[in-house]
*Asks:* 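Here it is, the structure, as structure tokens.
Since we're looking at a predicted model, the values are computed, not measured.
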Amino acid sequence: MKRRKFLRKSSTVAAGIMSAPLLASYTEKTTSKETNSIGITPIAICTWDFGNATAKAWEVLKVGGSSLDAVHQGVMVEENDLNNSTVGNGGRPDRDGNVTLDACIMDKDGNCGAVLAMQNIANPISVARKVMEETPHVMLAGKGAEQFAYEQGFEKTDLLTEESKEAWLKWKETSQYKPIINIENHDTIGMLAIDKKGDISGACTTSGMAYKMAGRVGDSPIIGAGLFVDNEIGGATATGVGEEVVRTVGSFLIVELMRQGKSPQEACEEGVKRIIAKNKDKQDFQIGFIAINKKGETGGYCIHPGFTYRTYTKDGHINNPSDSYLKS
Ligand code: SD4
């Protein structure tokens, strides 16, 4: 299905306008054949067609870098891309014109860090990692997160680009904040990776829903909702209307389903069905899950057709169309 049709069929809780086009699709054969201790080669997988991000992660993995560094550096590519208006610098602002960013990261030992609704810092994933590594805490929000970032040496950056500002001013003409058909707010990057040692890590970063209420936080920086990793089992991450993912603790659920024996694909399908079951009369929003298990199997599933996810493995760099609960 064409993306445009997908847009018409999906809606979010916030109004918005066109985001940057997705990165060009490409596939290339990879050469790394080295396997890790559990007999699989490294893998990077991310939501949507963020091929530059998975390519960066693969660069780290193929030379023996850790899955933590791979997901960190991979998602940073999107945070730094000013044309990506749903992640990092250049992200769409809230209804008051402030860009507030959410991110989290989780490593092989179950350590995690997150920043919520943080302003003026271009790489929230790096701050999330600092929260994980340099503080006794898991989450820092708002002004506290920003203050911590400055203390760690991050620079103050104006994240509202001219293009985002113009789009916001246009939105203000009507200021409609209700479910309308608009998938362009949905391009959060969640990434999972396995390294040569067989260890799994994950990262997730977003500017959240465009023109959201000030202070609104979705699933993306919430460990268990937008991202979860258990190195014994696997990992999962989400994109879409965060409120629905939080209500079912979606990524944790998927990892637990894999623990019970489901494949990543089956677990993602069950995760989506759980959300559908909570919204029997309302399916006009999009959710996409991706997952990976310890054997290196991957899966992805969504509500509406149109979601894709990137995988970079020894077999190539592929943009995978996700199967969907609704077929058209
Ligand atoms: C949120 N889940 O803030 C995010 C939005 C998203 O792709 O996924 N965009 O609810």
Side-chain angles (χ1 to χ4, degrees), residues 3-4 6-7 10 12 14 16-26 44-59 70-94 97-105 115 117-128 157-168 170-171 182-192 202-212 218-221 226-227 237-242 286 288 290 306-310 312 317 319:
R3 183 170 168 79
R4 184 153 299 281
F6 177 43
L7 306 188
S10 305
T12 72
I17 58 142
M18 295 292 287
S19 73
L22 292 175
L23 291 162
S25 219
Y26 60 97
I45 177 172
C46 76
T47 54
W48 303 104
D49 187 14
F50 292 129
N52 292 344
T54 35
K56 182 71 195 175
W58 185 259
E59 258 179 45
V71 296
H72 180 186
Q73 291 191 36
V75 302
M76 260 176 77
V77 169
E78 290 310 313
E79 289 184 341
N80 292 334
D81 181 359
L82 293 182
N83 291 320
N84 183 336
S85 59
T86 55
V87 178
N89 203 351
R92 291 279 188 256
D94 65 15
N98 298 311
V99 180
T100 65
L101 303 179
D102 302 328
C104 72
I105 194 160
V115 291
M118 183 177 67
Q119 296 184 44
N120 299 314
I121 306 290
N123 290 117
I125 199 67
S126 300
V127 185
T157 308
D158 182 1
L159 304 175
L160 188 64
T161 57
E162 268 314 303
E163 197 247 326
S164 272
K165 187 173 175 185
E166 268 171 41
W168 168 63
K170 183 136 186 54
W171 172 80
N182 174 19
I183 193 60
E184 276 89 5
N185 298 323
H186 273 288
D187 298 346
T188 290
I189 182 164
M191 182 182 280
L192 307 161
C204 188
T205 179
T206 189
S207 52
M209 294 297 185
Y211 320 129
K212 59 196 174 187
D219 62 317
S220 302
L227 174 75
T237 186
T239 179
V241 176
Q286 176 68 318
I290 59 171
F307 172 57
T308 67
Y309 57 98
R310 272 272 172 184
Y312 210 137
H317 192 195
N319 187 32

*Asks:* Do the side-chain N and O atoms of Asn123 and Asn80 include a donor-acceptor pair separated by under 3.5 angstrom?
*Replies:* yes
*Asks:* Just jot down the side-chain contact (heavy atoms from CB on, under 4.5 Å) partners of Ala57, sequence neighbours excluded, or say none.
*Replies:* Ala44, Ala70, Met191
*Asks:* Go through it in stages, so that I can follow the logic: the residues are Ile105 and Ile125, the test is side chain to side chain contact (heavy atoms under 4.5 Å, CB included), and I'd like the CA-CA distance, side-chain angles, deciding distance and then a yes or no.
*Replies:* CA-CA 7 Å; Ile105 194 160; Ile125 199 67; 4.0 Å; yes
*Asks:* Does a salt bridge link Lys56 with Glu78, judged by any charged N lying under 4.0 Å from a carboxylate O?
*Replies:*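 No.
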*Asks:* I'd like to know if the side chain of Lys212 and the backbone of Thr100 have a donor-acceptor N/O pair within less than 3.5 Å.
*Replies:*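 Yes, the answer is positive, given that a donor and an acceptor are paired below the 3.5 Å cut-off.
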*Asks:* Any side-chain heavy atom of Pro124 sitting closer than 4.5 Å to one from Val115?
*Replies:* yes
*Asks:* For residues Gly240 and Asp219, report the shortest heavy-atom separation together with the two atoms involved.
*Replies:*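 Closest pair (atom of Gly240, atom of Asp219, distance): O-OD1, 4.4 Å.
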*Asks:* Treating Thr308 as the side-chain partner and Asn319 as the backbone partner, does any N or O pair qualify as donor plus acceptor under 3.5 Å?
*Replies:*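 Not a single qualifying donor-acceptor pair exists.
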*Asks:* Would you call His317 and Tyr312 a side-chain contact if the rule is heavy atoms closer than 4.5 Å?
*Replies:* yes
*Asks:* Can Thr239 and Trp48 be counted as having a side-chain donor-acceptor contact under 3.5 angstrom?
*Replies:* yes
*Asks:* Would you name the heavy atoms of Ser220 and Cys104 that are closest together and state the gap between them?
*Replies:* O-SG, 3.2 Å
*Asks:* Are the side chain of Ser164 and the backbone N or O of Thr161 linked by a donor-acceptor pair below 3.5 Å?
*Replies:* no
*Asks:* State whether the side chain of Thr206 and the backbone N or O of Val87 hold a donor-acceptor pair below 3.5 Å, judged by distance alone.
*Replies:*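 Here the side-chain-to-backbone pair does not exist.
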*Asks:* Using every non-hydrogen atom in the two residues, find where Cys204 and Thr237 come nearest and quote the distance to one decimal.
*Replies:*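 Nearest pair, atom of Cys204 first, then Thr237: SG-OG1, 3.9 Å.
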*Asks:* Measure from the side-chain N and O atoms of Thr54 to the backbone N and O of Cys46, and report whether any donor-acceptor pair falls under 3.5 Å.
*Replies:* no
*Asks:* Side chains of Glu79 and Thr205: donor-acceptor distance under 3.5 Å anywhere?
*Replies:*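 Distance-only check passes for Glu79 and Thr205.
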*Asks:* Can a side-chain donor-acceptor contact be found between Asn84 and Thr86 if the only test is distance below 3.5 angstrom?
*Replies:* yes
*Asks:* Flag the pair Ile290 / Tyr309 as yes when at least one side-chain heavy-atom distance between them is below 4.5 Å, and no otherwise.
*Replies:*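 Contact flag for Ile290/Tyr309 side chains = yes.
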*Asks:* Can you list everything that forms a side-chain hydrogen bond (donor to acceptor under 3.5 Å, both in side chains) with Asp94? Sequence neighbours excluded, please.
*Replies:*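 Scan of Asp94 (side-chain hydrogen bond (donor to acceptor under 3.5 Å, both in side chains), adjacent residues dropped) gives none.
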*Asks:* Measure the spacing between CZ of Arg92 and OH of Tyr211 and express it to the nearest 0.5 Å.
*Replies:* 4.5 Å
*Asks:* So how far is it from Ser207 OG to Met118 CE, rounded to the nearest 0.5 Å?
*Replies:* 12.0 Å
*Asks:* So which heavy atom on Leu159 is nearest to which on Asn89, and how close?
*Replies:* CA-OD1, 3.4 Å
*Asks:* What pair of heavy atoms forms the shortest contact from Phe50 to Arg310, and how long is it?
*Replies:*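 Distance-wise, the nearest heavy atoms are N-CG, 3.8 Å.
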*Asks:* Identify the two heavy atoms, one from Asp102 and one from Pro221, that lie closest to each other, and give their separation to 0.1 Å.
*Replies:* CB-CG, 3.4 Å
*Asks:* State the CG-CD distance between Asn98 and Gln119, to the nearest 0.5 angstrom.
*Replies:*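 So the CG of Asn98 and the CD of Gln119 are separated by 4.5 Å.
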